[in-house]
Amino acid sequence: MFEPQIMCFLCKWCTYAGADLAGTSRMKYDPSGINLRVMCSSRIDLQHILYAFRQGADGVFIGGCHPGDCHYVEGNYKTLRRSILFAKMLEDLGISRKRFRLEWISAAEGRKFVQAMNDFTAQIAELGPLNLDKMTLNNQKDFSHE
Amino acid sequence: MNGNGKKKRIGVFVCHCGVNIAGVVDVERVAKALEGYSGVSFSTHYIYMCSEPGQNMILETIREEKLDSIIVAACSPTLHEKTFQSVIELAGLNPYQVEIANIREQDSWVHSDKEKATLKAIKIVKSMVEKVLQNESLEPIRVGVTRRALVIGAGISGIQSALDIADHGYEVLLVEKNPSIGGHMIQLSETFPTLDCSQCIMTPKMVEASRHPNIRILTYHEVESISGYVGNFKVKIRKKPRFVDPDKCTMCADCEDVCPQIVSDEFNMGLSFRKAIYLPFPQAVPGTYTLDIENCLGLLPIRCGKCKEVCEPDAINYDDQETVFEEEVGAVVVSTGYDLYDLNHLGEFGGEKYEDVINGLEFERILSASGPTGGEVRRPSDGKVPKNVVFIQCCGSRDPENHNPYCSKICCMYTSKHAMLYKHHVPDGNATVFYIDVRTGGKNFEEFYQRTIDEDQVLYVRGKVSKVYKEGDKIIVWGVDTLTGRKIEMEADLVVLAMSMVQTDGVNELLKKLRISSDANGWLSEAHPKLRPVESLNAGFYLAGCAHGPKDIPETVSQASAAVAKVGDLFAQEQLLHEPTVVPVDEDLCSGCGICVTICPYSARELDKEKGVVKVNEVLCEGCGACAAACPSGAAQQRNQTDDQIFSMVRAILRG
Amino acid sequence: MRTILKLGKQEHRFIDRISELSGENVYSCYQCGRCSAGCPMAFEMDILPNQLIRLVQLGEEEALIASKTLFICASCFTCQSRCPKGINIANVAEAIRYLAEPKGKDHFGPDEVPAELADELP
Amino acid sequence: MKLHYYPGCTLKEKTTNLDESTYAAMKMLGYELVEPENWTCCGAEFPLNEEKIVGLAAPARILRQVEMEGGDKVVTACAFCFNVLKQTHIALLNDPLKQKRINAYLKDDIRIDPVTKERTTDFPEYRGDVQVLHLLEFIQKEIGYEKVRSLIRRDLGNLRAAPYYGCRLLRPKGETGIDEPDDPSIFEEFLESIGIGVVDFPFKQECCGSYLSVSLPDAASEVSYRILRSAKLNGADMVVLSCPLCYYNLDRRQDRIREKFLEFTGMPVLFFTQILAWALGVEAEILGLDQHFFDPRPVLGITDKAEVAS
C-alpha cells in the first residue's frame with residue numbers, strides 16, 4: 001500500500017505548539033508527516049516547497065497562526081498571499097495544488113492538527129505518489145544544495 | 001561544518017522518558033542508526049536524559065568525546081531546551097550548539113505503530129543533526145538602556161504614570177498637547193461611586209507632578225516622531241508657541257481683561273467663553289496664560305497688542321516660535337486618552353442642532369462648582385433650571401450597524417451619577433434614564449446604582465431612544481418601555497446623551513508611525529489580551545488609560561501603575577539582551593532591491609542608498625525570517641536557520 | 001394565561017423559515033427597542049416591532065399571525081435605518097404576512113377600497 | 001440633451017402635475033425627456049421576500065428596455081418608482097442568481113404591436129448596467145446647482161419651504177437611499193439652489209402613513225398632521241416633496257386632517273418639480289396648481305391670469 005511522505009513546516013508559536021498539544025493529549029494520527037519547526041510560517045519560500053517535492057515528498061503542509069494572532073504581527077498574511085502563488089506555480093509545474101496545504105492551527109487546537117494531518121494524508125493517499133524525485137533524479141547533481 | 005571549516009563532532013543522546021518514548025520507539029535502534037551519520041561521533045540512549053544522572057552523562061561525554069555540539073532526542077523543545085542549553089554551557093559549549101529532536105509529543109505519543117514511529121524518530125533526529133551541523137555559535141546582542149521615559153498625554157493616566165516612574169527614581173518627559181495637564185478628569189464634577197470632587201483629588205496630583213524633580217512637564221508640546229528601538233528611542237518633540245513666558249507670568253489676568261477677542265471655552269465644553277489669551281482653568285498646571293494664536297487678532301502691535309501693553313512682568317513675547325527638538329528615552333508610555341463620539345453622527349437626535357441636547361462631559365461642567373453655571377443646574381439655551389431631564393445611554397455605543405460596536409463601559413455609572421447629582425441639585429425635578437442594560441461591574445458600583453433608584457427616585461426606562469426633536473421650547477423624546485411594551489413620547493427640558501467613547505482624533509496617525517497597532521475600533525492593541533495587557537507588541541511601548549479602550553478612573557490608574565512596573569523591569573536591566581538569531585545581510589549578494597525592507601514589520605531593515613545594499617538594525621529584528629523567504633538573491637539568511645539548513649533538514653526527513 | 005416556552009422542531013422550523021424568507025438574522029436582535037421607539041405607527045399596534053421580533057425568537061407563530069401589527073406596518077423602514085444590528089424588521093413582518101396569507105389571514109384587497117378613494121389614490 | 005425618464009403610472013393617471021412640471025422644468029434646464037418605449041407599472045412595491053421574485057420582473061423589464069434603447073441611466077421624479085427601480089437594480093447587481101432567474105422571465109417576453117398586431121419575441125437579457133437616479137440626484141450630480149442657480153427667473157427669496165423627504169428617498173438605509181437617512185441635505189441643497197428659503201423641521205423623514213390612509217384613515221391623518229404641523233411650527237409657507245403617495249396623504253387628504261384637528265388651517269404642498277419649474281419661469285397654467293386640495297397659488301403670489309403671464 002502507498003504510504004505518503006509529507007513534509008510539514010510548522011510555525012513555532014502556534015501550529016508546532018498545537019502539534020505538541022495533540023501529543024500531550026495522546027491523540028493518534030497518521031505518521032506520514034514529519035515536522036520542521038520554523039519561527040514563522042512566513043519563513044517558508046517556494047524553493048523549500050519545491051525542494052521537498054524533489055526530495056520525494058508527496059505533499060507539503062504549512063501550519064501558521066490564525067489571522068490576527070501572528071507573533072510577528074502579520075507574517076501569516078504574507079504566508080497566505082504567497083501560498084496562493086505557490087499553488088499556482090505548483091500547477092504550472094505539473095504538481096497538483098492539492099498536494100500543498102496551508103492551515104491556521106493555534107496552540108490550543110491539537111484536535112484540529114490531528115484532523116488536518118489525517119485529512120491531508122488521506123487526500124495525498126488518494127492522489128497517489130508524486131515521484132518527482134525519480135523523474136528528476138538524473139539532474140540531481142546539478143542541484144546546488146546537494 | 002563549523003566556522004573553522006572543521007567537521008563537527010556531534011553527540012546524540014536518545015531519551016527513553018521511561019516508557020513514554022521507549023514504549024513505542026525502539027530507542028536503541030534510533031541510537032544505533034545515528035552512529036556514523038554525518039558528523040555524529042557518539043550516540044547513546046538513556047532512561048531519563050533530563051535527570052541529574054542523565055545531565056551528568058551528557059556533561060562527561062562532551063568532555064570525554066570532545067564533542068562540539070549535541071542532539072537530545074526527547075520531549076518537545078519547549079520543555080527542556082533551556083535545561084540542555086545550561087548543561088552544555090557548563091561543558092564550555094555555546095548554547096546554540098544543542099538541538100532537541102522532538103520524538104515524544106510529535107512521535108511516540110501520537111503514533112502506535114512501533115516500526116513507523118521508530119523510523120520517524122530516526123528521521124527527526126537526523127534532521128536535527130543536519131541543523132546542528134551548520135549551527136553557528138552565537139552570543140546575544142547586547143544594547144544599553146536609556147533610563148528615561150516619555151509619557152504621551154497628561155490626563156490622569158499620564159500623570160499617574162509619570163509620578164510612578166519618577167518615584168522609581170527615573171527621569172520622565174511628560175508631553176501634553178494642551179496648555180495644561182489634567183486631561184478629562186479635571187473637567188469632571190464628582191466621581192462615581194464615592195462622589196469625590198474630581199478637582200479635589202486631581203489638583204494635588206497635578207501639583208505633585210509639577211514639583212517632582214524627576215518630571216519635566218512639556219505642555220503645549222506634541223510628539224512628532226519616534227525612532228530607534230527599545231531602550232534607545234529618539235523622540236522629536238514640537239513646541240507650540242505659547243507667546244507667554246510661564247516663568248514670568250503671574251496670572252494677574254490683566255491681559256485677559258483687555259483682550260478683545262472672545263471665543264468658545266474648550267474646558268467648559270463650549271458652554272462659556274474665554275479670551276484669545278487665557279488661563280484654561282484656575283488650577284492649570286503650569287500656572288500660566290497662553291495666547292491662542294488662531295483666535296488672536298494678530299501679533300502686530302499695530303493691529304492690537306493690548307495684552308503686551310498691560311503685562312507688567314513683560315511675560316508676553318510676540319516673537320515666540322515653534323521649535324522642534326530631540327530627546328532620548330528608553331521607554332514610552334502612551335496615555336493619550338479618549339474623545340467623545342461626535343453628536344453630529346446622531347442626526348435622529350438633531351446632531352448638534354439643539355442647545356439643550358448635550359453630551360456627558362458638558363453635563364459634568366454644568367454640575368461642576370467651578371463650571372459655567374457656578375454649580376447650579378441650568379440649561380444652556382436660556383439658563384432655566386430644567387425640571388425634566390432625560391438621560392439617554394448607549395449613544396453610538398453597542399451599535400455595530402451604524403456606529404461603534406463596543407460598550408463604552410463608563411456610561412452606565414456616570415449616567416447614574418448624573419441623574420443622582422441632578423436630583424441633589426433639583427430635588428423636585430424628574431430624572432429619567434433610557435437604558436438597554438445597566439452594567440455595574442466594579443467595586444461598589446451596583447450599590448451606587450441602586451442608591452440612585454432607591455433614594456433619588458430616578459426612573460429607569462428600558463429601551464433605546466429613537467428620536468429627539470424640538471417643538472417650541474420643549475424637547476420631545478421618542479423612546480420605548482420594552483418592559484410594558486409601550487412606545488413613549490415625553491417632553492424634556494434638557495437631554496443628556498451618554499456618547500460613546502472614541503479614540504482621540506489624530507492619535508492613530510501618530511501611532512501608525514510608531515508601528516503600534518490598533519484594533520478595528522481604533523483602540524491600541526495590547527501584546528496579549530490576557531497576559532500582557534499593558535505592553536504594546538512593539539517593544540518599549542506601554543499602554544495606559546483609555547487610548548487602549550474605555551476605562552473608568554480606578555482602572556486607568558491601575559493600568560498606569562502596571563505599565564510603569566513594566567517600564568521598571570526594562571530600566572532595571574544592565575543591558576538588554578536580544579536574541580541573535582536575526583537575519584543579517586550578505587552585502588556581496590544583496591542587490592539592493594529593497595523587497596526585505598518593505599516586508600519587515602519592525603522597520604529593522606533599510607536601504608543604504610550609497611552602497612546600494614540593505615542595512616539591518618539587528619536590535620530591531622525579531623527573527624521571523626519573512627525577509628529571508630522573500631529575498632530573491634539569498635543575501636538575507638537567518639542565523640541558524642539558513643536556507644541550506646532547511647534544505648539539509650528536508651533531505652534528512654524525506655530521504656532518511 | 002399560562003405560557004409554556006417550548007423551542008421544539010416546529011418552532012425552529014418557523015424561525016428558520018422566517019429567516020429564509022426575510023433574509024434577516026432574527027437571532028441577532030438584542031431587544032434594545034429602538035425600532036418601536038421610532039415607529040410612526042406604533043400607537044396603533046397591538047404588539048410593538050421589537051415584540052414582533054421577540055415572538056419570532058420564541059417561535060410564537062400563532063401569536064404573530066393573529067397580530068394586528070402585521071397589517072399596520074407601513075413599510076417605512078425607519079426601524080431598519082436605525083436598528084443597531086441592521087435587522088430589516090419590515091422584511092420580517094413581510095415574511096410573516098407571507099406565511100399568514102394561506103392561513104386565511106389577510107388584509108382587505110383592492111376591491112374593498114372605496115371608489116372615491118380609488119380614483120385618487122396613487 | 002436627451003435623457004431617459006420613467007414617469008410611472010400615477011404621474012400619467014393621477015398626479016399629472018408632477019409629470020407635467022417635470023417636463024417643463026427639465027426643458028428649461030436643457031433636457032429632452034425620453035420615456036422608454038412600452039413602459040409598464042414599476043410594481044409599486046419592491047418585493048421584500050426572497051420568494052416573490054416575479055415581482056422583480058416588471059421593474060427589471062423597464063430597466064432592460066432602457067438598456068435596449070442604448071441608455072445608461074434613467075431618472076424618475078416619483079420617489080416610489082425610484083425606490084422600486086433602484087432596489088431592483090441593486091438586487092440584480094448583487095445577486096447573479098436573481099439576475100439569471102429574472103432574465104429567464106424577461107427572455108420569454110412577447111410584445112404585440114397594438115396597431116400592426118406584429119409579434120416581437122426573443123428579447124435580450126438585462127445586463128444590469130442601467131443606473132437609476134432620482135431627479136434630485138440628477139440635479140445634484142449631473143446638472144449642478146450652479147447651473148440651476150444661473151437659470152432662475154423668479155425670485156422666491158421671501159418664501160420658506162420645508163423639504164419633506166418621506167421614506168422612499170432615504171430608506172431602506174444603505175445603497176437605495178439618495179442621502180443619509182437621518183441627516184439628509186440633498187433636498188435642502190436643491191431648494192437653496194432655486195433661491196427659496198429652507199425650513200429645517202424634525203419630521204422631514206417621518207412616514208406620511210402610506211397606504212394606511214385606506215385601511216386606517218384616522219391613524220394616517222394623525223401622522224400626516226404631525227408632519228404638516230411641524231413644518232408650520234418651524235415657519236414653513238409650504239411643504240415640498242417628491243412622492244405622489246405623500247402628496248395624496250399630505251395634500252389631498254387635508255380635508256380629513258382638518259376635520260380631525262380643528263386648529264389646523266392648512267398648508268400648501270408642492271412637488272419639487274413644480275417649485276423648480278416656477279422658479280425657472282415656467283407659466284403657472286402648465287404646472288397643474290389647480291389640482292391641489294390646498295391651493296398653493298396665493299402663497300406663490302399668483303392671484304389672476306394677468307400676473308401669471310408676466
Side-chain angles (χ1 to χ4, degrees), chain C residues 17-24 34-35 38-45 68-102 106-122, chain D residues 8-11 13-15 18 44-52 78 80-81 83 91 95 166-168 170-174 176-177 180-182 203 205-220 222-224 226-227 243-249 251-253 291 293:
Chain C
R17 185 82 178 114
I18 293 293
S19 302
E20 188 192 326
L21 280 172
S22 65
E24 304 297 320
R34 202 161 203 221
C35 46
C39 178
M41 302 314 298
F43 66 102
E44 286 285 336
M45 291 178 173
K68 285 200 279 177
T69 293
L70 284 188
F71 299 97
I72 293 172
C73 167
S75 289
C76 74
F77 299 107
T78 307
C79 47
Q80 179 265 354
S81 76
R82 294 185 191 147
C83 175
K85 300 303 289 287
I87 304 172
N88 193 330
I89 299 159
N91 276 7
V92 176
E94 172 73 357
I96 303 166
R97 282 196 291 269
Y98 185 80
L99 295 186
E101 235 177 312
D106 199 0
H107 216 36
F108 59 81
D111 46 334
E112 291 169 63
V113 179
E116 74 273 17
L117 276 184
D119 270 354
E120 265 194 51
L121 199 65
Chain D
C9 325
T10 301
L11 276 70
E13 300 284 330
K14 287 156 186 169
T15 53
L18 174 52
E45 188 66 80
F46 180 79
L48 298 175
N49 269 351
E50 286 294 317
E51 299 198 352
K52 295 186 178 170
C78 164
F80 232 106
C81 297
N83 193 279
D95 190 344
C167 311
R168 302 290 145 177
L170 300 174
R171 297 184 293 265
K173 183 197 72 183
T176 48
E180 288 292 316
D182 276 311
F203 279 71
Q205 78 275 44
E206 288 295 325
C207 176
C208 69
S210 185
Y211 283 107
L212 294 180
S213 51
V214 183
S215 54
L216 286 168
D218 281 351
E222 192 169 332
V223 289
S224 294
R226 292 186 81 160
I227 293 162
C243 173
L245 185 55
C246 300
Y247 165 75
Y248 174 80
N249 282 331
D251 178 70
R252 301 296 306 165
R253 305 310 293 159
Q291 296 171 21
F293 170 81

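In what follows, every chain begins at residue 1, and chains take the letters A, B, ... in the order their sequences are listed.
- Annotation: side chain of C/Cys76 is not in contact with side chain of D/Gln205 (no heavy-atom distance under 4.5 Å).
- The side chain to side chain contact (heavy atoms under 4.5 Å, CB included) check on C/Glu94 picks up C/Arg97, D/Leu48, D/Asn49, D/Lys52, with sequence neighbours excluded.
- Closest heavy-atom contact between D/Arg171 and C/Phe77: CD-O, 3.0 Å.
- Interface residue D/Glu222: only side-chain heavy atoms are found under 4.5 Å from chain C.
- Applying the side chain to side chain contact (heavy atoms under 4.5 Å, CB included) rule to D/Lys173 yields the partners B/Glu401, B/Asn402, C/Gln80, C/Ser81, D/Pro181; only residues at least two apart in sequence or on another chain are considered.
- Using a 4.5 Å cut-off between heavy atoms, D/Arg253 touches chain C through its side chain atoms alone.
- Of all non-hydrogen atoms in D/Leu212 and C/Ile72, the two that sit nearest each other are CD1-O, 3.1 Å.
- Per-residue counts of heavy-atom pairs under 4.5 Å with chain C were compared for D/Gly8, D/Pro244, D/Pro172; the largest is that of D/Pro172.
- With rounding to the nearest 0.5 angstrom, the CG atom of C/Leu121 is 6.5 Å from the NZ atom of D/Lys14.
- Between chain C and the options D/Cys207, D/Ala220, D/Ala219, the largest number of non-hydrogen pairs under 4.5 Å is found for D/Ala219.
- Looking at every heavy atom in both residues, D/Tyr211 comes nearest to C/Pro122 through OH-O, 2.9 Å.
- Interface summary for chain C: among D/Asp218, D/Asp182, D/Asn249, D/Leu170, the most heavy-atom pairs under 4.5 angstrom belong to D/Asp182.
- Heavy-atom minimum distance, D/Glu206 versus C/Pro40: OE1-CB, 4.0 Å.
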